[in-house]
Structure formats: C-alpha cells, structure tokens
Amino acid sequence: MPERHWIEELASRAGETVSVRGWVVTTRSSGKIAFVVVRDGTGMLQAVLSKKDVSADVWDAFGKLTQETSLEVTGVARAEPRAPGGVELQASDLRIIGPSVDFPITPKEHGIAFLFENRHVWLRSKQQVAIARVRNEVIQAIRDFFYERHFTLVDTPILTGSIGEHAGTLFAVDYFDLGKAYLAQTGQLYVEAAAAALGKVYCFGPTFRAEKSKTRRHLTEFWMVEPEVAWNDSAANMRLQEDFVSYIVGRCLERRKNDLAELGRDLAPLERVQPPFHRISYTDAVAKLKSLGGDMEWGRDLGGDDETTLAKQYDRPVFVYNYPKAVKAFYMKENPDDPRTVLNNDCLAPEGYGEIIGGSQREDDYEKLRARIKAEGLPEEAYSWYLDLRKYGTFVHAGFGLGVERTVAWICGIPHIREAIAFPRTLYRLWP
C-alpha cells in the first residue's frame, strides 16, 4: 500500500499532499461540497471534497460512506483553526477499504447492557478513547516512577499454590498431578522474596478475585502494581504511596488534559493531589464516622459507604492506618503499641472513589508469622518458602498494591470501574 500519514502528524505538513487511512465519524453534503470527518486513533480530520474537482468515482464513493467505513483519503493538508485538530484536507481522492453496514453504536442513547455486549465496537467512541489514553498514561507513569527511582521489575506467577488474601476469593484450576492451583490474588509474597535480593522491587500484572460483588468498585480480573521495599516501615511506606499517587495524577494533568476535558472532568480536585496526604488512625476514623451519624463499630472493616463518608471530610486522599488484626491479611505486622491492630494502611481517594491502595509493613518475626498462618487455617507447607524469608536474614520491609482500574476511574471521574479497562470481567460478564 502507498505511504500513509497519521493525523497527529499533519499540523507539520501544511501544503503537502498526504494520504490518511481511518474510519468515518460523520459525513455531510450541500450537493456540491461534501465533508467527511475521519479518525485514525491519533486524531480527527475533516476532509473536504468539491464535486467539480474530483472524479465521478470519488464523488460516488463519498455517497456510499457510512459510520465506521474504513477508507483512504488523499489531498493537500492545510491549517484550519475551525476544523477538528486544526487541520483540514482538501481531498482529491477517496477510496473505500471496508464498508460498514448498520454499525450498532449510533449517536442515540443506548443502555449500559447493550453497550457492554458491543464493547468491541463501543471502544471506538470518543469518551472510551479518552479513557483508554488516560489509562495508558497512568500505566506509563507507574513504570516511569519506579524506573526513575531504581526499582527492579519482577514478574511474579499468575498460577500459584499460595493464597495471598482470603481463601474464599480464589479461582481454582487443576494443575496436572500437583492438585489445585489458583489464579494469583497478588504477587506480593513473591516480591517480598525479591526485595531481599534487590532491595527495591515491584510487580505489575493481572490479578484475580472470585468475589461475588456487584459494586461499581469491583472486577474479577484487574491490574495491580505492587512495590516492596527493604527497610521501609509503615510510615515510609505511606510516604512512598503519596509521592507515587501524586506523580501519577500530575502526569495525567500535564499530558492528558484534552482527554480529561472530553470526559468533562473537573480538574480542581486532581490539582489538589499533593503530598502530604491526610492521615487518620482506624480508631479515630471509627469515632469520626460515629460523630457523623454512622453506625460503625470498632472491629469491623470499613465498607464502601464508610470510605466515601470519611474521604468527603478531606480535600485530597487520606490514609486510614492501623486496622484491627482480625479483618486484615495474615502477613501484616502486629502493631507493638496495640497488638489488636496491624501496621497497615488504606489510601482513600476523594470524591467517593474509595480505596485505591492497600499497604502494610510485613510481619518479619518467624514465629508470629507462623502462628498467623496456622490461625488462618492455611497449609503451612505451602508457605514454607515464605517463612524461609524470616529464617535467613529477616528484615523490616513494607509494600502496597495500587489497583489500576480504580485509579483510572477516579482520575477520569467515571462512575464505574468497568469502563476503566478495555474488556472488563465482572460477576456476569465473560464476553466479549
């Protein structure tokens, strides 16, 4: 095929003859002058055809264009501030590559179930493209943050014999003659081992939770980034988290303002995301929720409504720290000042988006960790390697996990995390 040009390049090619390939967004015609708006994934371009200046075949081809027809259009690029992207194409040739008949996602309103059944083509809409670009920026910012700080990426298993979180939220599969394996809930146990080798590490990949949850904050498959740092305690862990979240939000404000504008996002709350974040202990959070009229009791985990109510009291993210041991994972370090609690934290995003990070200092005492594993009814032999980390040079260490989809949903200002990933997996959706 002849050389083609991306729409994003055309501003620097004014006066040149270029060829663009893409898909039809809209068309209109006055009878003698015709307009077609084309998108190619990098931008939008308006091409203008004059009936007297193009061949009859080209004019006829224009008449056959429908929404999402793929085409190649050739002409002279020229600056036009009123046109999409500030560039217009005076077309001399137009060729249909792939017709589009009865495209299902029309400009009218569609129900959410219909849109997700047609997710493979709904992705082409302007708002979904904007969300995808913000997600891409978030992921690139994550990688850049850790690369700039000399963290090493460690790839952890997706199939595992060790439970990282709650046994009731596992997807189990038969694993040859070795019995059951599980889709990983977390890579954390493995990056703890890697931290003893490399000091500052992180893993980044898909994780799985078989929770029968229908809330707007849950997916059964989601992406999580999990750093682990040797010699960081709980306080240092929270400092890393606030620097990390602020960096991600700052990158999106710097580079994705047009996409956030497409989504109608109010930027003021994002602009306030700067360290230090607010901090409140779990015990004080329970008292505050009670004072606000809630029925929260000490010993329960915070629910989604509790998190929303609490976060509304602050102008930026807030850390809730030192939760009761009974509602948190076995690997969290017992709080020496209050053995009922552990040295952990959740980072709550403002505006009703809830927990985006869960983190903790890890239990580094061999006997205490072994006792917690037994108390949870977990098979000690499956964790023998994890206990070894406390036998051979145990060390203070801490880490956290940030959920990408929750973070993207918050930054974009969208109400449900199912739009924050291209093909979401929920309790009732395994297709497309």
Side-chain angles (χ1 to χ4, degrees), residues 1-30 32-101 103 105 107 120-141 143-144 251-252 254-263 422:
M1 299 178 79
E3 182 185 5
R4 64 97 177 88
H5 303 87
W6 294 107
I7 290 171
E8 66 180 357
E9 303 170 356
L10 299 188
S12 63
R13 292 184 173 274
E16 297 181 27
T17 298
V18 297
S19 292
V20 169
R21 296 189 197 114
W23 297 266
V24 172
V25 180
T26 59
T27 62
R28 59 188 173 91
S29 173
S30 65
K32 295 183 179 180
I33 300 292
F35 302 87
V36 54
V37 176
V38 179
R39 60 169 190 85
D40 71 349
T42 71
M44 307 272 278
L45 173 69
Q46 179 171 274
V48 183
L49 295 89
S50 172
K51 186 174 183 179
K52 66 181 178 63
D53 294 332
V54 299
S55 70
D57 288 344
V58 168
W59 191 256
D60 182 61
F62 169 82
K64 296 176 181 176
L65 297 180
T66 56
Q67 184 183 358
E68 293 301 318
T69 296
S70 60
L71 78 167
E72 180 181 74
V73 59
T74 301
V76 176
R78 65 185 186 193
E80 174 49 76
R82 296 169 298 177
V87 179
E88 194 169 73
L89 193 71
Q90 187 63 51
S92 56
D93 193 19
L94 182 152
R95 181 169 66 91
I96 292 175
I97 297 172
S100 174
V101 180
F103 187 73
I105 311 293
H120 51 298
V121 287
W122 185 30
L123 291 175
R124 304 181 187 191
S125 68
K126 288 197 286 186
Q127 287 204 337
Q128 299 305 309
V129 166
I131 293 168
R133 287 182 175 143
V134 173
R135 179 188 173 99
N136 180 67
E137 193 65 49
V138 167
I139 289 172
Q140 190 59 51
R143 296 190 183 281
D144 290 348
R251 274 280 291 269
C252 291
E254 175 190 350
R255 302 187 185 185
R256 299 266 65 100
K257 271 192 175 173
N258 289 342
D259 295 308
L260 294 172
E262 176 65 42
L263 296 165

Find out whether the Lys NZ or Arg CZ of Arg4 is both under 6.0 angstrom from the six-membered ring centre of Trp6 and within 45° of the ring's axis. yes
So Thr42 and Asp40, side chain to side chain donor-acceptor pair (under 3.5 Å) or not? Walk me through it. CA-CA 6 Å; Thr42 71; Asp40 71 349; 2.8 Å; yes
Can you tell me if Ser70 uses its side chain to pair, donor with acceptor, with the backbone of Gly98 under 3.5 Å? yes
For Ser100 and Gln67, indicate whether the former's side chain and the latter's backbone hold a donor-acceptor pair under 3.5 Å. yes
Side-chain heavy atoms of [X] within contact of [Y], under 4.5 Å:
{"X": "Val129", "Y": "Lys126", "value": "no"}
{"X": "Leu89", "Y": "Val38", "value": "no"}
{"X": "Leu65", "Y": "Ile96", "value": "yes"}

Please find the pair of heavy atoms, one from [X] and one from [Y], that lie closest to each other, and give the distance.
{"X": "Met44", "Y": "Ile7", "value": "O-CG2, 3.6 Å"}
{"X": "Val18", "Y": "His5", "value": "CB-ND1, 3.4 Å"}
{"X": "Val54", "Y": "Ser92", "value": "CG1-O, 4.1 Å"}
{"X": "Arg13", "Y": "Ala77", "value": "O-CB, 3.7 Å"}
{"X": "Val73", "Y": "Ala91", "value": "CG2-CB, 3.8 Å"}
{"X": "Phe62", "Y": "Phe35", "value": "CE1-O, 3.5 Å"}

Determine whether Phe103 and Thr66 satisfy the following criterion, side-chain contact (heavy atoms from CB on, under 4.5 Å), listing intermediate values before the conclusion. CA-CA 8 Å; Phe103 187 73; Thr66 56; over 6 Å; no
State the [atom1]-[atom2] distance between [X] and [Y], to the nearest 0.5 angstrom.
{"X": "Leu263", "Y": "Asn258", "atom1": "CG", "atom2": "CG", "result": "11.0 Å"}
{"X": "Asp93", "Y": "Leu49", "atom1": "CG", "atom2": "CG", "result": "9.5 Å"}
{"X": "Leu94", "Y": "Leu71", "atom1": "CG", "atom2": "CG", "result": "5.0 Å"}
{"X": "Asp53", "Y": "Gln90", "atom1": "CG", "atom2": "CD", "result": "7.0 Å"}
{"X": "Arg39", "Y": "Trp23", "atom1": "CZ", "atom2": "CH2", "result": "6.0 Å"}
{"X": "Arg255", "Y": "Lys257", "atom1": "CZ", "atom2": "NZ", "result": "13.5 Å"}

Is Arg21 paired with Glu3 through a side-chain N to carboxylate O contact shorter than 4.0 Å? no
Test side-chain contact (heavy atoms from CB on, under 4.5 Å) applied to Val36 and Leu45, Thr27, Val48, the passing residue: Thr27
